[in-house]
**Q** 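Take this structure, written in structure tokens, and hold onto it; I'll ask about it next.
Everything numeric here is computed off the predicted structure, so don't read it as measured data.
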Amino acid sequence: MTAYTVNLDPIMKLTREQFYELCAANPELKLERNPHGELVIMSPTGGETGAWNSDITTDLTLWNRQSTLGKAFDSSTGFALPKGSDRSPDAAWIPIAKWNAMTPEQRKRFLPLCPDFVIELLSPTDSWIKGLAKMQEYQDNGCRLGWLIDPESKRVAIYRLGKSVEILEAPPSLSGEEVLIGFVLSLENIWSA
């Protein structure tokens, strides 16, 4: 999905509350707000990327239902990150304790936290460099494990809190490690496309 960034500073500073209201008034749009308060508008993905993303989200959700360790989220979920941006990763997960600590009102809006786990899946028009920056933003906000998956180049960047980024070339699968205990995501269908 191609992303376009709009700098609104010449006319206004887009606050978190204004951004939430903008999204609520335009539910058909996929929008994010970066740490600088700029509006990020994303186009829909193509069929291939959409199918892969659906498979990835399904695998995460099925694992979570069996483990009952937390809550899994799809790409429509907004997260109000601690350092100021509002993001919607392609897939995300938080421990059940974080979910239970939120009020019913907090659960209805963009979740006021950074997920412990995120996946970003690049479409053919996405930038690897911008993807890496977005993953670093998640890590800077406290994400414990993140995967940037690039089907075009058959590579994955793995982000672990407090550690250097690890780049893997066409790994057959990825492990949820100590964050998602027992979760393994097969990448064979993505690499073989």
**Q** Could you give the distance from OG (S127) to CG (L132), rounded to the nearest 0.5 Å?
**A** 8.0 Å
**Q** Within a strict 4.5 Å, meaning less than it, do heavy atoms of the N34 and T5 side chains meet?
**A**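 Of all side-chain heavy-atom pairs linking T5 with N34, at least one is under 4.5 Å.
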**Q** Any idea which heavy atoms bring P151 and L122 closest together, and the distance?
**A** CD-O, 3.3 Å
**Q** State, yes or no, whether a side-chain contact exists between K98 and L113 at a heavy-atom distance under 4.5 Å.
**A** yes
**Q** Any chance you could lay out the side-chain contact (heavy atoms from CB on, under 4.5 Å) test for L81 and E137, step after step, and finish with the verdict?
**A** CA-CA 9 Å; L81 300 182; E137 182 184 337; 3.8 Å; yes
**Q** Is there a donor-acceptor pair closer than 3.5 Å between any side-chain N or O of T57 and the backbone N or O of N53?
**A** yes
**Q** Please determine, by modelled atom types, if E120 and Y138 share a side-chain donor-acceptor pair under 3.5 angstrom.
**A** yes
**Q** Could you label the plane-to-plane angle of the F73 and F79 rings as parallel, tilted or perpendicular, counting under 30° as parallel and over 60° as perpendicular?
**A**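 Aromatic pair F73/F79 classed perpendicular.
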**Q** With under 30° as parallel and over 60° as perpendicular, where do the rings of F19 and F110 fit, or are they tilted in between?
**A** tilted
**Q** Are the side chain of Q66 and the backbone N or O of W63 linked by a donor-acceptor pair below 3.5 Å?
**A** no
**Q** Donor-acceptor pair, distance only, cut-off 3.5 Å: does the side chain of K83 make one with the backbone of D140?
**A**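 Checked: pair present.
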**Q** Answer yes or no: is there a donor N or O on one side and an acceptor on the other, between the side chain of K71 and the main chain of I94, under 3.5 Å?
**A** no
**Q** Could you tell me if the side chain of L145 sits less than 4.5 Å from the side chain of D116, heavy atoms only?
**A** no
**Q** Nearest 0.5 Å, please: how far is CZ in R16 from OG in S85?
**A**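 Reported value, rounded in 0.5 Å steps: 7.0 Å.
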**Q** Are W147 and Y159 an aromatic pair by the rule of ring centers under 6.0 Å?
**A**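 No; Y159 has its ring centre 6.0 Å or more from that of W147.
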**Q** Check whether any side-chain heavy atom of V156 sits under 4.5 Å from a side-chain heavy atom of L187, and report yes or no.
**A**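 A side-chain contact under 4.5 Å exists here.
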**Q** Hey, are E177 and R160 close enough for a salt bridge, meaning a charged N less than 4.0 Å from a carboxylate O?
**A**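 Yes, this pair counts.
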**Q** Spell out, as yes or no, whether a donor-acceptor pair under 3.5 Å connects the side chain of R144 to the backbone of F117.
**A**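 Not a single qualifying donor-acceptor pair exists.
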**Q** Does L121 reach the side chain of L148, with side-chain heavy atoms less than 4.5 Å apart?
**A**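 No, side chains not in contact.
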**Q** Provide the closest heavy-atom pair for G162 versus Q139 in the form atom of the first, atom of the second, distance.
**A** N-NE2, 3.9 Å
**Q** Would N189 and D55 count as a side-chain contact (heavy atoms from CB on, under 4.5 Å) if you check the C-alpha gap in whole Å, the side-chain angles of each, and the deciding distance to 0.1 Å?
**A** CA-CA 10 Å; N189 66 327; D55 288 346; 3.3 Å; yes
**Q** Check for me, please, whether M135 and W128 land in the same ILVMFWY cluster - side-chain distances under 4.5 Å, paths through other members count.
**A** yes
**Q** Test your reading of the model: is there a side-chain donor-acceptor pair from N64 to the backbone of L60, 3.5 Å cut-off?
**A**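 No.
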**Q** Walk me through it: do L22 and L39 pass the test side-chain contact (heavy atoms from CB on, under 4.5 Å)?
**A** CA-CA 10 Å; L22 179 67; L39 184 64; 3.9 Å; yes
**Q** So W93 and V179, do their side chains get closer than 4.5 Å, heavy atoms only?
**A** yes
**Q** Quick one: CD on Q136 to SG on C143, what's the gap to the nearest 0.5 Å?
**A** 10.5 Å
**Q** Search all heavy atoms of I181 against all heavy atoms of E178 and return the closest pair with its distance.
**A** CG1-O, 3.6 Å
**Q** Is it true that E32 and R87 have a side-chain N and a carboxylate O under 4.0 angstrom from each other?
**A**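 R87 and E32: salt-bridged.
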**Q** Honestly curious: do W191 and V184 fall in one hydrophobic cluster under the side-chain, below-4.5 Å linking rule?
**A**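 No.
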**Q** Out of curiosity, L111 CG to D86 CG, how far, rounded to the nearest 0.5 Å?
**A**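 Output value for this atom pair is 11.0 Å.
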**Q** For residues W52 and L62: do they belong to one hydrophobic cluster (side chain heavy atoms under 4.5 Å, members Ile, Leu, Val, Met, Phe, Trp, Tyr)?
**A**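 No, because W52 and L62 fall into different hydrophobic clusters, even though each may have its own neighbours under 4.5 Å.
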**Q** Taking S88 for its side chain and T77 for its backbone only, find out whether a donor-acceptor pair lies under 3.5 Å.
**A**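 Between the backbone of T77 and the side chain of S88 there is a qualifying donor-acceptor contact (under 3.5 Å).
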**Q** If you look at every heavy atom in L14 and R33, which pair is closest and at what distance?
**A** O-NH1, 3.4 Å
**Q** With heavy-atom distances below 4.5 Å as the criterion, would you say the side chains of P89 and I119 are in contact?
**A** no
**Q** For the CG atom of D90 and the CD1 atom of I149, what is their distance to the nearest 0.5 Å?
**A** 9.0 Å
**Q** Can V40 and L31 be said to form a side-chain contact (heavy atoms from CB on, under 4.5 Å), step by step?
**A** CA-CA 6 Å; V40 181; L31 305 171; over 6 Å; no
**Q** Give the C-alpha distance, both sets of side-chain angles, the deciding distance and a yes or no for salt bridge (charged side-chain N to carboxylate O under 4.0 Å, His left out) between K13 and E38.
**A** CA-CA 8 Å; K13 183 74 171 170; E38 297 169 328; over 6 Å; no
**Q** Under 4.5 Å between any side-chain heavy atoms of S76 and K30, yes or no?
**A** no
**Q** Which distance, rounded to the nearest 0.5 Å, do you find between the CG of L174 and the CG of D59?
**A** 11.5 Å
**Q** In terms of hydrophobic clustering (I, L, V, M, F, W, Y; side-chain heavy atoms under 4.5 Å; direct or indirect links), are L161 and I158 co-clustered?
**A** no
